[in-house]
Amino acid sequence: MAEANREDDELSIPRAALNKMIKELIPNIRVANDARELILNCCTEFIHLVSSEANEICNKQQKKTISPEHVLLALDSLGFGNYKEDAMSVMQEAKAVAAKKRRGSSRLENLGIPEEELLRQQQELFAKARQEQAQLEQQQWIQMQQALQQQQQQMSQNTDDDDYS
């Protein structure tokens, strides 16, 4: 019995994902826990039904991989043809997101600043940093020179004092 429950857990949508979907779709309505469980079971069963039908269609076509077309045909075959447009829309959206990830998009793309402008700003920052570093080094050099002069003055005063003793 414990193994059967473990298998059911593995073949189900994560509860957190389901709760998030429910909250996004109907934010102002409370959903009882047993209703959430029923929704979860229905979703899992629907996915199982569609994927099994897509697998049969795939096998009939002597293919080894279920393609999106197989899933769309499965929706038709099971009487869910009215969901095909939504499914195709979601598939296009998912492909666009995947393509964006493959391109290695970053937060820089979302800034809306052309690459040339970003490069110019970067060069300005580098120049400013170099200037600040040069000023710092110059100040340190001046301080070292002053310390050296003071040391020399003290040494010459010490030698002058020794001469008078």
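We count residues from 1, following the sequence as given. Side chains included, hydrogens not; waters and symmetry mates left out as well; all remaining heavy atoms used.
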Pair E56-H70, side-chain donor/acceptor within less than 3.5 Å: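 Per modelled atom types, E56 and H70 side chains form no pair under 3.5 Å.
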- prompt: Would the number of heavy atoms belonging to other residues, nucleotides or ligands and lying under 6.0 Å from CD of Q138 be above 12?
  reply: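 Atom CD in Q138 is not packed in, count stays at 12 or less.
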query: What's the verdict on side-chain contact (heavy atoms from CB on, under 4.5 Å) for S12 and L40, showing C-alpha distance, side-chain angles and the deciding distance?
result: CA-CA 7 Å; S12 125; L40 181 68; 4.0 Å; yes
- prompt: Does Q133 reach the side chain of R130, with side-chain heavy atoms less than 4.5 Å apart?
  reply: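 With C-beta onward as the side chain, the pair stays apart.
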Atom pair [atom1] ([X]) and [atom2] ([Y]), whose distance is rounded to the nearest 0.5 Å:
X: N59; Y: K64; atom1: CG; atom2: NZ; answer: 11.0 Å
X: I57; Y: L72; atom1: CD1; atom2: CG; answer: 9.5 Å
X: S67; Y: K63; atom1: OG; atom2: NZ; answer: 8.0 Å

- prompt: Of Q145, Q143, Q139, which is the lone residue that meets side-chain contact (heavy atoms from CB on, under 4.5 Å) with W141?
  reply: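 Passing option: Q145.
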query: Are V31 and I13 joined in one hydrophobic group, where the rule is that I, L, V, M, F, W and Y side chains link up if heavy atoms are under 4.5 Å apart?
result: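 Looking at the clustering, I13 is in the same group as V31.
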message: Applying a strict under-4.5 Å side-chain criterion to I, L, V, M, F, W and Y, I'd like to know whether F46 and V90 cluster together.
response: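 Not linked; separate clusters.
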Could you list the donor-acceptor pairs under 3.5 angstrom formed between side-chain atoms of residues 73-88 and any protein atom two or more places apart in sequence or on another chain?
{"residue": "D76", "atom": "OD2", "partner": "K84", "partner atom": "NZ", "Å": "2.9"}
{"residue": "S77", "atom": "OG", "partner": "E53", "partner atom": "OE2", "Å": "2.9"}

message: Set out, in order, the CA-CA distance, both residues' side-chain angles and the distance that settles side-chain contact (heavy atoms from CB on, under 4.5 Å) for R15 and L18, then state yes or no.
response: CA-CA 5 Å; R15 281 175 175 41; L18 179 74; 5.5 Å; no
